Enquirer: 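Can you keep this structure in mind? I'll have questions shortly.
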Amino acid sequence: MTKRETVMHDADQQYMQQALALAARGAFGTPPNPNVGCVIVRDGQVVGRGWHERPGEPHAEVHALREAAELAQGATAYVTLEPCSHHGRTPPCADALIKAQVARVVVAMRDPNPLVAGQGIARLEAAGIKVQVGVLEQQARTLNQGFIARMERNRPWLRLKMAMSVDGRTALANGASQWITSREAREDVHRFRAQSGAVLTTARTVLMDHALMTARHPQAERQPLRVLLDRQQQVPVEHPFFAQASPVLRVVSPTTTAGSDWPEHVQTLEVQSFQQRLPLHDIFAKLAEYDVNDVWTECGAELAGALTSAGLVDEWVLYVAPKLLGDSSRGVVQLPNFHHLDQVPEMRFESVTMLGHDLRICARPLHASDRPTTGEVQS
């Protein structure tokens, strides 16, 4: 690589990093759309910036081009995701870049959406615009891992949240659990909820903890879909969980019993259970049809174990409080009785963060492809 190429490479990374930071600003408002940022540079100066803020509103490239105005001509556009090439609720961004006569477009990653999938890049190149793909691609993929998961594997990205003591207990033997963790940790949970497309829980958790599962965060622009696994239809329509106006999806087994008169914001999904258990893989595929990118799961040990055994957990978010609850208290996850250590699910720690007096540990499973793929849960 020549000195000039090295300088250009470094500059490309620098401007793409700025575009990624802009994209992250849309985390609370863009779902189910991806987070996208754009920076337009001419003669070494940033002349336009933009990010996608909400579905149905202009995309990042359009905001940046508006700011750059005539200075976009002959400039380089840095975009964290391949510019779209199809008409949705907004016109194609590839056409906007062509019309602005930019000279070069640097793209972090191709769009996994089949409606785009390389067509935006092809359209730019056909118009004589130089295109480079792959600058800070891994960072771009991390930023949109939920959107990518839905597009590439037909199910959302699943984060499993557990709050526990240092000795790995989630509640006392009598079920008391509020509050194991600190106010700072609970505020962090609401931030994750607010950025998720759906919050998943079970009837048992709702009834035991009087849980509402709403996102009570100052930056929350919308409420996630609250998905309630309630095979036996135990949570009555009068429960405070349904009094919240945010959307709810009840997942139940078919029944011949007359149903209640549910509010408009409550939908019911009937799925056939097997041996008194709900089919988790089918449920997550259905959530992808609901355009859910990310699922934040708060549950008990049984569902945590079923999701883990099914290989559905993409990320663990563990809040660990400096407390000891004792061996008679309730554990984190129900798993089979392993006989060898090589059977035990393993993780890789991604980050450890202090929140008040607590720790937040983010970890990802290792060897997920080698784990059992059957997983069901009784709710």
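Just so it is clear, the structure is predicted and the values come from calculations on it, not from any experiment.
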Enquirer: Test side-chain hydrogen bond (donor to acceptor under 3.5 Å, both in side chains) on Q219 and R191 and set out the steps.
Expert: CA-CA 8 Å; Q219 290 180 270; R191 180 181 65 84; over 6 Å; no

Enquirer: Out of curiosity, does W262 fall in the hydrophobic cluster containing L207 (side-chain heavy atoms, cut-off under 4.5 Å, transitive links)?
Expert: yes

Enquirer: Is there a path from V106 to M109 through hydrophobic residues (I, L, V, M, F, W, Y) whose side chains come within less than 4.5 Å of each other?
Expert: no

Enquirer: When rounded to the nearest 0.5 angstrom, what distance separates CZ in R226 from OG1 in T201?
Expert: 10.5 Å

Enquirer: Looking just at side-chain N and O atoms, do Q267 and R250 make a donor-acceptor pair shorter than 3.5 Å?
Expert: no

Enquirer: Quick one: do the Q17 and Q139 side chains pair a donor with an acceptor below 3.5 Å?
Expert: yes

Enquirer: Does the Lys NZ or Arg CZ of R25 fall within the cation-pi geometry relative to W51 - under 6.0 Å from the ring centre and within 45° of the axis?
Expert: yes

Enquirer: State, yes or no, whether a side-chain contact exists between V199 and V227 at a heavy-atom distance under 4.5 Å.
Expert: no

Enquirer: Counting only heavy atoms not in H357, do more than 12 fall under 6.0 Å of its NE2?
Expert: no

Enquirer: Under a 3.5 Å cutoff, is there a donor and acceptor pairing between the side chains of S196 and D294?
Expert: no

Enquirer: Could you tell me which non-hydrogen atom of A304 sits nearest to which non-hydrogen atom of C299, and how far apart they are?
Expert: N-SG, 3.7 Å

Enquirer: Between R204 and T202, is there a side-chain donor-acceptor contact under 3.5 Å, judged purely by atom types and distance?
Expert: no

Enquirer: Taking everything shown except E264 itself, do over 12 heavy atoms lie less than 6.0 Å from its CD?
Expert: no

Enquirer: Taking atom CZ of R110 as the centre, does the number of heavy atoms from other residues, nucleotides or ligands within less than 6.0 Å exceed 12?
Expert: no

Enquirer: Can you give me the closest heavy-atom contact between V320 and S165, atom names plus distance?
Expert: CG1-O, 4.0 Å

Enquirer: Hey, any chance L212 and L229 share a hydrophobic cluster, counting ILVMFWY side chains that come within less than 4.5 Å of each other, even indirectly?
Expert: no

Enquirer: With heavy-atom distances below 4.5 Å as the criterion, would you say the side chains of L312 and R155 are in contact?
Expert: yes

Enquirer: Could you walk me through whether R186 and E184 pass the salt bridge (Lys or Arg N to Asp or Glu O under 4.0 Å) check?
Expert: CA-CA 5 Å; R186 298 195 298 273; E184 292 86 352; over 6 Å; no

Enquirer: Quick check for you: to the nearest 0.5 Å, what is the distance between S351 atom OG and E315 atom CD?
Expert: 7.5 Å

Enquirer: Give the minimum heavy-atom separation between A203 and D230, together with the two atoms involved.
Expert: CB-OD1, 3.3 Å

Enquirer: Shortest non-hydrogen contact from G326 to D167?
Expert: N-OD2, 2.9 Å

Enquirer: Measuring from atom CG of L287 to atom CZ of R150, what distance do you get when rounded to the nearest 0.5 angstrom?
Expert: 11.0 Å

Enquirer: With distance as the sole test, does Q223 use its side chain to make a donor-acceptor pair with the main-chain N or O of A215 at under 3.5 Å?
Expert: yes

Enquirer: Evaluate side chain to side chain contact (heavy atoms under 4.5 Å, CB included) for V252 paired with T268, printing each intermediate quantity in order.
Expert: CA-CA 7 Å; V252 303; T268 299; 3.6 Å; yes

Enquirer: Is the closest side-chain heavy-atom distance between R360 and F192 below 4.5 Å?
Expert: yes

Enquirer: Are any of the side-chain heavy atoms of V271 and D282 separated by less than 4.5 Å?
Expert: no

Enquirer: Run the numbers on H59 and C84 for side chain to side chain contact (heavy atoms under 4.5 Å, CB included), then give the verdict.
Expert: CA-CA 9 Å; H59 290 183; C84 61; 3.7 Å; yes

Enquirer: Does a side-chain heavy-atom distance below 4.5 Å link T76 with V102?
Expert: no

Enquirer: Side-chain heavy atoms under 4.5 angstrom apart, residues restricted to Ile, Leu, Val, Met, Phe, Trp, Tyr: same cluster for M16 and V131?
Expert: no

Enquirer: Are any of the side-chain heavy atoms of V295 and W157 separated by less than 4.5 Å?
Expert: no

Enquirer: Pick out which of H239, Q233, Q232 makes a side-chain contact (heavy atoms from CB on, under 4.5 Å) with V235.
Expert: H239

Enquirer: Please determine if R42 and E70 form a salt bridge, counting it only when a charged side-chain N lies under 4.0 Å from a carboxylate O.
Expert: no

Enquirer: Does the R169 side chain pair with the main chain of S329, one donor and one acceptor, at a distance under 3.5 Å?
Expert: yes

Enquirer: Between L81 and P112, which heavy-atom pair has the shortest distance, and what is it?
Expert: CD1-CD, 4.3 Å

Enquirer: OH of Y319 to CE of M162: how many Å apart, nearest 0.5 Å?
Expert: 12.5 Å

Enquirer: Given the rule in the side chain to side chain contact (heavy atoms under 4.5 Å, CB included) test, do W316 and R364 qualify, once you have shown the distances and angles that lead to the verdict?
Expert: CA-CA 6 Å; W316 287 75; R364 297 191 183 181; over 6 Å; no

Enquirer: Taking the side chain as everything from C-beta on, heavy atoms only, tell me whether F241 gets closer than 4.5 Å to M213.
Expert: yes

Enquirer: Would you sort out whether L303 and L307 count as a side chain to side chain contact (heavy atoms under 4.5 Å, CB included), showing the intermediate values?
Expert: CA-CA 6 Å; L303 178 57; L307 291 169; 3.8 Å; yes

Enquirer: Assess the pair F28 and H217: is the distance between their ring centroids shorter than 6.0 Å?
Expert: yes

Enquirer: Minimum heavy-atom separation for V107 and E82, please, with both atom names.
Expert: CG1-N, 3.5 Å

Enquirer: Going by heavy atoms in the side chains, are R141 and E137 under 4.5 Å from each other?
Expert: yes

Enquirer: Tell me if a side-chain donor or acceptor on H63 pairs with a main-chain N or O of G48 at a distance below 3.5 Å.
Expert: no

Enquirer: Using modelled atom types only, decide if a donor and an acceptor are shared between the side chain of D111 and the backbone of N113 within a distance under 3.5 Å.
Expert: yes

Enquirer: When you compare the side chains of R231 and S273, does any donor N or O come within less than 3.5 Å of an acceptor on the partner?
Expert: no

Enquirer: Is the shortest distance from a Lys or Arg side-chain nitrogen in D188 or R183 to a carboxylate oxygen in the other one below 4.0 Å?
Expert: no

Enquirer: Kindly work out whether a path of hydrophobic side-chain contacts (I/L/V/M/F/W/Y, heavy atoms less than 4.5 Å apart) joins L143 to V135.
Expert: yes

Enquirer: Say whether D358 and S182, considering side chains only, have a donor N or O and an acceptor N or O under 3.5 Å apart.
Expert: yes

Enquirer: Could you measure the distance from the CD atom of E298 to the CZ atom of R193? Nearest 0.5 Å is fine.
Expert: 4.0 Å

Enquirer: Establish, from distance only, whether the side-chain atoms of H52 and N33 form a donor-acceptor pair under 3.5 Å.
Expert: yes

Enquirer: How about K323: does its NZ atom have over 12 heavy atoms from other parts shown lying under 6.0 Å from it?
Expert: yes

Enquirer: Hey, what do you get for CG (L158) to CZ (F284), rounding to the nearest 0.5 Å?
Expert: 4.5 Å

Enquirer: Spell out, as yes or no, whether a donor-acceptor pair under 3.5 Å connects the side chain of Y290 to the backbone of G197.
Expert: no

